[in-house]
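Taking it in order: structure first as structure tokens, then the write-up.
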Amino acid sequence: MFSDPGPSIDDRSTPRDTMSLDSKRDFEDAASAHLVVDASDLVRDSVRPPIDYSSPAAFTSSSWARWKSLWTRRFILSLLAGQVVSLCITVTNVTTTELVSRNWSLPTTQTWFLYCSLFLVYTPYTMYKYGLKGWGQMVYRDGWKYFILACCDVEGNFLVVKAYNYTDLLSCMLLDAWAIPVCLFFCWVYMRTKYHWTQLLGILVCVGGLGMLVSSDMLTDKNYPALSKGKGDAFMIVGATLYGFTNATEEFFVRRSPLYEVVGQLGMWGTLINGIQAASLEHVAMTTASWNGATIGFLVAYTAAMFTLYTVAPLLYRMASSPFYNISLLTSDFYGLIFGLFLFHYSPYWLYFPAFGVVVIGLIVYFWHATPEEQGKLEPKAPAYIRRMHLDDQA
């Protein structure tokens, strides 16, 4: 609920003043209505039925009740959204592979188009919602925190790409999972999230599925020699740490601010930071890269996949959590196999299929006891100074 718009008026108030106050209250009520949740609904949706261990029959029936309680609309959408972002990651890997094979290897320039598209789509809408003056106030007051978020996101992407150039595939796949505990830690720092042991078990099950995928790659000899293993591993650890930090930080922001504000600011500062970095590091390579219809097509597909990922991910943070987002990405190797069957004529190894099933089981175990509603407080609203400006406009 917004704060009271001002002191009360006495009996000598004019009708115009009374109408002004009424309109202010109407604005408050309309804006607050989106944040009001019925207490009984919240309790019902955020508590799992207890497991009864008194007898085998009671245990079976209570476990079945717990199983049915999992499949809420919010959980199903979270599960689907997690696979959408995982599929987007696979598309970006495939398109990047195709670009490199066509003499177009500009990783920093490649992601610039992503940030620019986020900026062009979400920033004008933020200006429309806040007004040009309100948007300027938001950039002036809160721009610094979005600058830090964008800087970590840009450098995380850059370091992970560089890591693949120096270390081997096994190290990359295993060290990339370091983002999960980092994300858990920062979620606890920001939101004091209480993790149940079943959530940690779910993460371990998902990582076990990752281990099966890694084993599949090793058994099918997909690994490649490392150019400089120490340097590559260091790049991957720092990059994964930045990934975990940015995921948790963005979740913290989108739970308290409108999605268009957060993603728009990430796009604006990312465009600036990434543009400067690309101009500094890749200005020579830009002139020698192959710019033709095929490379532009793959670049558009890459940007579209990343744009979808950066749009769906904040929604997944709200519906579930950023750690759930991270463990959902562990299925991307399976989707990579599906693409590889048709594009690169890979021979599927049987271990891929049970590995995918293990990761999905881990995602279900993650919310076996805890619920998505318990992962953090959800109160997205415009900054207080923007709301005050709207109240003044209503007056």
Side-chain angles (χ1 to χ4, degrees), residues 85-86 89-90 92-94 96-97 99-100 105-111 148-187 189 200 203-249 273-274 277-278 280-282 285 306 309 322-323 325-337 340 349 351-352 355 358-359 362:
V85 295
S86 182
I89 286 289
T90 304
T92 62
N93 292 337
V94 171
T96 300
T97 301
L99 285 169
V100 171
S105 181
L106 305 170
T108 308
T109 305
Q110 188 173 332
T111 52
I148 294 173
L149 175 67
C151 188
C152 292
D153 193 62
V154 169
E155 299 311 322
N157 287 330
F158 175 74
L159 288 172
V160 168
V161 171
K162 295 297 287 184
Y164 275 92
N165 293 334
Y166 287 101
T167 192
D168 56 22
L169 180 63
L170 174 61
S171 294
C172 285
M173 293 179 70
L174 293 176
L175 294 176
D176 194 28
W178 171 246
I180 298 172
V182 173
C183 187
L184 288 169
F185 172 74
F186 281 106
C187 282
V189 169
L200 302 181
I203 292 173
L204 290 177
V205 171
C206 289
V207 173
L210 172 65
M212 295 172 68
L213 291 170
V214 171
S215 300
S216 300
D217 287 340
M218 295 303 102
L219 292 171
T220 53
D221 200 26
K222 288 184 181 176
N223 201 18
Y224 50 80
L227 225 80
S228 177
K229 189 171 176 59
K231 182 188 291 187
D233 289 353
F235 283 162
M236 181 57 77
I237 291 174
V238 176
T241 301
L242 291 176
Y243 273 167
F245 170 77
T246 54
N247 294 156
T249 304
I273 297 167
N274 210 357
Q277 188 163 311
S280 302
L281 301 178
E282 298 176 354
M306 288 294 282
L309 187 149
S322 50
Y325 161 85
N326 275 280
I327 59 178
S328 295
L329 295 182
L330 297 180
T331 60
S332 61
D333 280 349
F334 175 79
Y335 296 122
L337 170 67
Y349 192 68
L351 206 54
Y352 271 97
V358 169
V359 175

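Scanning for side-chain contact (heavy atoms from CB on, under 4.5 Å) contacts around Val100 gives Thr96, Ser105, with sequence neighbours left out. Residues satisfying the ring pair (Phe, Tyr, Trp, His ring centres under 6.0 Å) criterion with Phe158, sequence neighbours excluded, are absent altogether. Among residues two or more places apart in sequence or in another chain, the side-chain contact (heavy atoms from CB on, under 4.5 Å) test is passed with Ala248 by Cys183, Phe186, Cys187, Tyr190, Ser322. In terms of the side-chain contact (heavy atoms from CB on, under 4.5 Å) criterion, residue partners of Thr246 (sequence neighbours excluded) are, by chain and number, Leu149, Cys152, Asp153. Shown here are the side-chain contact (heavy atoms from CB on, under 4.5 Å) partners of Leu159, two or more places apart in sequence or in another chain: Phe235, Val238, Leu242.
Between Tyr352 atom OH and Tyr335 atom OH the span is 14.5 Å, to the nearest 0.5 Å. Once rounded to the nearest 0.5 Å, the distance linking CD1 of Ile148 with OG1 of Thr249 reads 9.0 Å.
Counting all heavy atoms, side chain and backbone alike, Leu213 lies closest to Leu330 at CD1-O, 3.5 Å. Scanning all heavy atoms of the two residues, the minimum distance from Met236 to Ala163 falls at N-CB, 3.6 Å.
Inter-residue side-chain proximity for Leu184 and Ile203 is flagged as met; some heavy-atom pair is nearer than 4.5 Å. Residues Val85 and Leu329 are in side-chain contact: their nearest non-hydrogen atoms beyond the backbone lie under 4.5 Å apart.
Pairs engaging residues 155-165 under the salt bridge (Lys or Arg N to Asp or Glu O under 4.0 Å) rule: none recorded [sequence neighbours left out].
Screening Thr108, Thr111, Thr109, Asn157 for a side-chain hydrogen bond (donor to acceptor under 3.5 Å, both in side chains) with Asn274, the sole residue that qualifies is Thr111.
Judged by distance alone, with hydrogens and angles left aside, the side-chain atoms of Thr90 form a donor-acceptor pair with the main-chain N or O of Ser332 at under 3.5 Å.
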